[in-house]
There are 2 protein chains.
Amino acid sequence: MTPGALPTSAMSVEATLTASRALLGVVARSVAGALAVVTLPQFRVLVVLTGSGPLRIGALAEKMAAQQSTFSRTVERMVAGGWLERSPRPGSRREVLIDITPQGRALVDEVTARRRAELGRILSHLTTEEQAAVTAALALLAQAAGETPAEDLLILGL
Amino acid sequence: MTPGALPTSAMSVEATLTASRALLGVVARSVAGALAVVTLPQFRVLVVLTGSGPLRIGALAEKMAAQQSTFSRTVERMVAGGWLERSPRPGSRREVLIDITPQGRALVDEVTARRRAELGRILSHLTTEEQAAVTAALALLAQAAGETPAEDLLILGL
DNA sequence: CTATATTCATGCAGTAGTGCATCTATTGTA
DNA sequence: TACAATAGATGCACTACTGCATGAATATAG
């Protein structure tokens, strides 16, 4: 190896760091609009519910790594905003199911669509061959990284 | 194209989405430790100062897209925590320069190191050839994405 | 030298999130 | 039926962030 040159692995790390900054930018811009109307923790609630379907308030609090009492109030705010709706669980007058409203779902969809759109725009600058190479490489990278627990993304409020 | 199959571009978008989740996880885990001692906005201040060197409190507020008055207090908290230090600008008794302390720098360095380390660990699962392919593909992707303004990352508090 | 502009700090007020303890209603069990 | 467990809401207290208005000190321009 030429003195001063980086080994393949170090080059990969640097390239990955740079790319991750770009992708972070895409993610950030995709949620920017939503953050004008809900907070990041609130948006997170919507994403979780989109993936899980209706949840008891306690179960939801657990997924958000929050206290149940804290959550009762967060839900209250979000119901007031029209993002969530409470409904008693059929057959129980104690449990309360929280579900996302159409308005909430639209917000999540908008973010997802925006993210896909921008990625598509970026990738459209590449040739079909380059796109294929990117697809293969990212698949490899994702596989090497393994599953990303939802709790990890929660660290950033996502 | 076989019915039901995705065009190359759509496949690339999905692969990129998946990979971006993985990379987001890496970023999140890298800052998790820091978030035990500072908030995300505060960490952001440290990152900005690391890149820029000492700044006037007004200029720093502008970079953080915050009100100067808000910032005066944030700085106060961070000085109390030992992350920042105020010093009068030489030749001016009005302006106050904010700089990161060694403790603050150590925090940022720790996060950076952790991020590089995990990326290295992930990439070590790949062969040298695969690493080279990933490096090339990500460079392509980053170039296609263009520059990511710091303000964009600020959306997420990063 | 005086008036104006700049720079930062502070008072005031509000939102969101956080945790702990506690209360009420309901459900399940002994 | 009485007691314990569960689910959720509420009271209380605190931190951080946010903006707007304003005050105080300093620097600059006329």
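First the proteins, then the strands, lettered A, B, ... as listed; each starts at 1.
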field: Flag for A:Thr8-B:Thr128: side-chain donor and acceptor within less than 3.5 Å
entry: no

- request: Name the residue closer to the 5' end of DNA chain C, choosing between A:Gln67 and B:Glu95 according to the nucleotide with the nearest heavy atom.
  value: B:Glu95

- prompt: Of all the nucleotides listed (D:dG11, C:dA9, C:dT18), which has the minimum atom distance to the side chain of A:Arg73?
  reply: D:dG11

- request: Quickly work out the A:Met78 CE to C:dT15 P distance and round it to whole Å.
  value: 17 Å

query: Using a cut-off of less than 4.0 Å, is there contact between a side-chain N or O of A:Ser72 and OP1 or OP2 of D:dA9?
result: yes

message: Any donor-acceptor pair, under 3.5 Å, between the side chain of A:Arg94 and the base of D:dT6, if you only look at N and O atoms?
response: yes

- prompt: Whole Å only: how far is the CG atom of B:Leu97 from the C1' atom of C:dT7?
  reply: 12 Å

- prompt: With a 3.5 Å cut-off and just heavy-atom distances, do the side chain of A:Gln68 and the base of D:dA7 make a donor-acceptor pair?
  reply: no

- prompt: If you measure from CG on A:Leu141 to CG on B:Leu123, what distance do you get to the nearest 0.5 Å?
  reply: 6.0 Å

field: B:Glu118/B:Arg114 ion pair, N-O < 4.0 Å
entry: no

field: Side-chain donor/acceptor contact of B:Ser69 with base of D:dC20 under 3.5 Å
entry: yes

field: Which nucleotide in C:dG17, D:dC17, D:dT10 has an atom nearest any side-chain atom of B:Thr74
entry: D:dC17

message: Distance check needed: C:dG17 P versus A:Ile155 CD1, whole Å only.
response: 19 Å

query: How many Å lie between CG on A:Leu40 and P on C:dT18, as a whole number?
result: 11 Å

field: B:Leu55 CG to C:dT7 P, straight-line distance once rounded to whole Å
entry: 13 Å

- request: Find the distance A:Ile98:CD1 to D:dG8:P and express it as a whole number of Å.
  value: 8 Å

For atom CZ of B:Arg89 and atom C1' of D:dA27, their distance in whole Å: 13 Å

message: Applying a 4.0 Å non-hydrogen cut-off, can you work out what A:Arg86 is touching in the nucleic acid: base, sugar-phosphate, or nothing?
response: sugar-phosphate

- line: Rounded to the nearest 0.5 angstrom, the CH2-OG1 distance for A:Trp83 and A:Thr101 is 7.5 Å

query: Are B:Glu151 and B:Lys63 close enough for a salt bridge, meaning some N to O gap below 4.0 Å?
result: no

task: Scan B:Thr70 against the nucleic acid and name what it touches under 4.0 Å (heavy atoms): base, sugar-phosphate only, or nothing.
output: base

task: Please state how far atom CG in A:Leu35 lies from atom P in D:dC17, giving the value in whole angstrom units.
output: 17 Å

- prompt: Are OP1 or OP2 of C:dG17 and a side-chain N or O of A:Arg77 less than 4.0 angstrom apart?
  reply: yes

